Amino acid sequence: MTGSELEWSSGDRAKAAAKLMVGWVALLWLLEVVDVASGHALDGLGITPRTASELVDVVPAAFIHFGFAHVAANSVPLLVMGFLAALGGLRRFAAVCALIIVADGLGVWLIAPAHTNTAGASGLIFGLFGYLVVTGFVERRPLGVLAGLLVGAVWGTSILVGLAPTQSGVSWQGHLLGLVAGVAAAFLFKRRTGRGVVQV
């Protein structure tokens with residue numbers, strides 16, 4: 001967190017987090033509208049594994065979806081989990097999301113089955129789930145633990161189902177890699193306090 005973020009009230013942080021996530025989800029819907037209108041031209045921004053030219057799609061793939069049902073399925077969990085994670089500070093949230101998206105995308109590029117095209121925000125969602133569930137315990141913050149338990153209670157079953165390798169058309173690899181990256185982010189971006197200052 002920056003010094004200016006430390007001076008924000010909890011209400012200011014909540015408003016900033018809400019605006020960010022509403023904008024983020026709106027962008028996903030807008031991109032899908034453009035994709036449909038262009039004859040699904042944006043679907044090519046998904047990740048085809050182990051093709052060198054596809055490395056440039058590691059980040060864009062997290063914003064592209066295969067149809068409105070796909071976007072709809074990701075919208076609510078991304079909105080809620082993103083909001084909760086962003087309450088800890090926007091700079092920290094940006095770093096967490098960047099780590100999850102890049103690590104997940106590179107992992108999919110490395111281990112996804114050949115001749116597949118992987119895209120969608122679910123890898124980030126699984127990452128935010130892992131981050132929220134773990135970070136409260138890592139930082140020993142009661143409110144963080146409570147938030148993590150709440151998130152686990154609401155989405156835990158869906159997360160477990162999403163990790164099953166038996167689902168056709170679902171990248172369990174992307175889900176698993178996102179989850180692992182989110183847990184790692186909880187440790188890498190653990191808040192360190194000293195002389196009243198909280199750092200990223």
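For clarity, every value in this text was computed on a predicted model and none was experimentally measured. Hydrogens, waters and symmetry mates are skipped; everything else that's a heavy atom, side chains included, is used.
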Verdict with reasoning, Leu188 to Val96, per side chain to side chain contact (heavy atoms under 4.5 Å, CB included):
CA-CA 9 Å; Leu188 288 172; Val96 168; over 6 Å; no
Any chain of hydrophobic side-chain contacts (each under 4.5 Å) joining Leu31 to Leu78?
yes
Got a salt bridge between Lys190 and Glu139, using NZ or NE/NH1/NH2 to carboxylate O under 4.0 Å?
no
The side chain to side chain donor-acceptor pair (under 3.5 Å) partners of Ser75 (sequence neighbours excluded) come to Trp29
Would you say the side-chain atoms of Arg13 pair up with the backbone N or O of Gly89, donor to acceptor, closer than 3.5 Å?
no
Starting at CG of Asp104, measure out to CD1 of Ile125 and round the result to the nearest 0.5 Å.
11.0 Å
Can you tell me how far OH of Tyr131 sits from CG of Leu84, rounded to the nearest 0.5 angstrom?
11.0 Å
Distance col, row Phe68:CZ vs Asp35:CG, nearest 0.5 angstrom, shows 8.5 Å
Are Val134 and Phe137 in one and the same hydrophobic cluster, where Ile, Leu, Val, Met, Phe, Trp and Tyr link if side-chain heavy atoms are under 4.5 Å apart?
no
Could you please spell out the steps behind the side chain to side chain contact (heavy atoms under 4.5 Å, CB included) verdict for Met81 and Met21?
CA-CA 9 Å; Met81 291 188 216; Met21 294 317 302; over 6 Å; no
If every non-hydrogen atom of Ser38 is compared with every non-hydrogen atom of Leu42, which pair is closest and at what distance?
OG-N, 4.3 Å
For the side chain of Asn117 and the backbone of Asp43, is there at least one donor-acceptor N/O pair under 3.5 Å apart?
yes
Thr135 (side chain) donor-acceptor with Leu132 (main chain) under 3.5 angstrom:
no
Determine, step by step, whether Leu177 and Phe126 satisfy the side chain to side chain contact (heavy atoms under 4.5 Å, CB included) criterion, reporting the C-alpha distance in whole Å, the side-chain angles of both residues, the deciding distance to 0.1 Å, and the verdict.
CA-CA 8 Å; Leu177 291 163; Phe126 275 66; over 6 Å; no
Are Leu110 and Ile47 co-members of a hydrophobic cluster defined by side-chain heavy atoms under 4.5 Å apart?
yes
From Leu106 atom CG to Ile101 atom CD1, the distance as rounded to the nearest 0.5 Å
11.5 Å
Under 4.5 Å between side-chain heavy atoms, hopping through other hydrophobics if needed: is there a path connecting Val145 to Phe187?
no
Nearest 0.5 Å please: distance from the CG atom of Leu20 over to the CZ atom of Phe83.
11.0 Å
Going hydrophobic residue to hydrophobic residue with side-chain gaps under 4.5 angstrom, can you get from Val34 over to Leu45?
yes
List the steps, then state whether side chain to side chain contact (heavy atoms under 4.5 Å, CB included) holds for Trp155 with Leu128.
CA-CA 11 Å; Trp155 279 290; Leu128 290 174; over 6 Å; no
Nearest heavy-atom contact between Gly46 and Ala119 is CA-CB, 3.9 Å
Just list the side-chain donor-acceptor pairs under 3.5 Å for residues 156-173, sequence neighbours left out, or say none.
{"residue": "Gln167", "atom": "NE2", "partner": "Val161", "partner atom": "O", "Å": "2.6"}
{"residue": "Ser171", "atom": "OG", "partner": "Gly174", "partner atom": "N", "Å": "3.0"}

Tell me if a side-chain donor or acceptor on Arg141 pairs with a main-chain N or O of Leu146 at a distance below 3.5 Å.
no
At what distance, to the nearest 0.5 angstrom, does CZ of Arg191 lie from CZ of Arg92?
4.5 Å
Which pairs of donor and acceptor atoms, one on a side chain in residues 51-67, lie under 3.5 Å apart (sequence neighbours left out)?
{"residue": "Thr51", "atom": "OG1", "partner": "Pro49", "partner atom": "O", "Å": "3.4"}
{"residue": "Glu54", "atom": "OE1", "partner": "Thr48", "partner atom": "N", "Å": "3.1"}
{"residue": "His65", "atom": "NE2", "partner": "Asn74", "partner atom": "ND2", "Å": "3.1"}
{"residue": "His65", "atom": "NE2", "partner": "Ala121", "partner atom": "N", "Å": "3.2"}

